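Take a look at the structure below.
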2 protein chains.
Amino acid sequence: MLSIGDLSKRTGVKVPTIRYYEQMGLIEAAERSEGNQRRYERNDLERLAFIRHARDLGLDIPAIRELIALSQHPDLPCANADRIAADHLTAVREKIEKLKKLEHELERIISHCDGHSIEDCYVIRALSDHGLCEGEH
Amino acid sequence: MLSIGDLSKRTGVKVPTIRYYEQMGLIEAAERSEGNQRRYERNDLERLAFIRHARDLGLDIPAIRELIALSQHPDLPCANADRIAADHLTAVREKIEKLKKLEHELERIISHCDGHSIEDCYVIRALSDHGLCEGEH
DNA sequence: GATAATTCCTCTAGTGACTAGAGCTACAAG
DNA sequence: CTTGTAGCTCTAGTCACTAGAGGAATTATC
Ligand SMILES: [Zn+2]
Ligand SMILES: [Zn+2]
Ligand SMILES: [Zn+2]
Ligand SMILES: [Zn+2]
């Protein structure tokens, strides 16, 4: 039996975050001690590690909730789980594309400033006028 | 004299967002009509276009506030403006790096699943165990 | 000039995934 | 047995908006 602090130390998930996940329905409400403190077991540890890893990979809470629900039906086909991962990959790629466009424009803007007065600052001018940009964003 | 709706149409910034920017101190409180409605002039249009473009490039509101303040002192050196842009570029690059790591792991995870049952699903297994990952994230 | 449609006003609350803090209680170590 | 740490619940704050309520002003139509 682990306290919430023990669980926190072992998984690297902060104590308030564990309570938050319980509230969000990602982990079941834990048993309580006589004094109303949460007590966890080994499988809670695994569950929380799963959640943490999924969050580290950028999945959001509804997606994780769905994956947990799926993982409790081992006989179902895994198409839905695979789709969740694939959709997330697509979203990640779209974010990368957008950020690369920003990176490109910012590089250009910064390199065009000769760094004297605000009056001549290319950063300020470029921000005032999207027409000076090379692409959309 | 433009109404807030006119300003919105001309800049592509939604009406509530314009009021929000006023509240955040990015644009000065506009003059009002007899009936208490905001009335804007040409320079408000430029200011709002500046804000919009800076937001589109991913700058946050405190950074934009600082850039606006700087732009009102044309004789100052522009090092601070340049630094704001450079810091932002650094942040964008860091985000790209993180997302690329995620992209890599997700590609790997998805390609390893042969897509039968949940029981054998590599997506679920990989989420359960970061040890299966190639890198950190 | 009356009426209707649209736009505007302020204020509050919701978004996602936590995080911080207040005020209180339980438990472990000395 | 006292002290210190850890736990409890509840509320509010983060960021940059967005949605909605309830009401007033403006514009368009007749
Ligand atoms: Zn400059
Ligand atoms: Zn641009
Ligand atoms: Zn699978
Ligand atoms: Zn991993």
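Please read all numbers here as calculations on a predicted model, not as lab measurements. Computed from heavy atoms alone, side chains included, the values below leave out hydrogens, waters and symmetry copies. Every chain is numbered from 1 and lettered A, B, ... according to where its sequence line falls, protein lines coming before strand lines.
Side-chain contact check for B/Ser8 versus B/Val15: some heavy-atom pair is nearer than 4.5 Å. Side-chain atoms of B/Ile110 and A/Asp82, non-hydrogen and from C-beta on, never get closer than 4.5 Å to each other. Residues A/Glu66 and A/Arg83 form a side-chain contact, since some pair of their non-hydrogen atoms from C-beta on lies under 4.5 Å apart.
Going from atom CG of A/Leu2 over to atom P of D/dG7 covers 11 Å, rounded to whole Å. Look at NZ on A/Lys14: it is 16 Å from P on D/dA6, rounded to the nearest Å. Summarising the geometry, the separation between CG on B/Asp56 and C1' on D/dA16 is reported as 13 Å, rounded to the nearest angstrom. Atom CD in B/Gln23 sits about 11 Å away from atom C1' in D/dC17, given to the nearest Å. Whole-Å rounding puts the A/Gln37 CD to D/dC8 P distance at 6 Å. Atom pair A/Arg32:CZ and D/dG7:P shows a separation of 12 Å (rounding to whole Å applied). If you take CG of B/Leu59 and C1' of D/dC17, they are 17 Å apart, rounded to a whole angstrom. Put simply, CD on A/Glu31 is 17 Å from C1' on D/dG7, counting in whole angstrom units.
Residue-level contact check: A/Arg38 touches the backbone only, with heavy atoms under 4.0 Å from sugar-phosphate atoms and none from bases. Within the nucleic acid shown, A/Arg19 comes within 4.0 Å of at least one base atom, counting heavy atoms only.
Heavy-atom distances to DNA chain D give each of B/Gly35 and B/Pro62 a nearest nucleotide, and the one nearer the 5′ end belongs to B/Pro62. Residue B/Asp6 is the one, among B/Asp6 and A/Pro16, whose nearest nucleotide of DNA chain C lies closer to the 5' end (criterion: closest heavy atom). Each of B/Glu34 and A/Ile4 has a nearest nucleotide on DNA chain D; the 5'-most of these lies closest to A/Ile4. Remark on DNA chain C: of its neighbouring residues A/Asn36 and A/Tyr20, the 5'-side contact belongs to A/Tyr20, judged by nearest-heavy-atom nucleotide.
Residue B/Tyr21 places at least one side-chain N or O under 4.0 Å from the OP1 or OP2 atom of D/dC17. Phosphate proximity of D/dG7 to A/Ser3: present, with a side-chain N or O under 4.0 Å from OP1 or OP2.
Between the side chain of A/His112 and the backbone N or O of A/Cys121 there is no donor-acceptor pair closer than 3.5 Å.
B/Arg42 CZ: 12 or fewer foreign heavy atoms inside a 6.0 Å radius.
Ring-plane geometry between A/His137 and A/His130 is classed as perpendicular, the angle between the planes exceeding 60 degrees on a 0 to 90 degree scale with a lower cut at 30.
Think of the region where chain A sits on DNA chain C: with heavy atoms and a 4.0 Å cut, that region ends 5' and 3' at C/dA17 to C/dC27.
Comment: B/Glu22 does not engage B/Arg19 in a salt bridge, judged by the lack of any side-chain N to carboxylate O separation of less than 4.0 angstrom.
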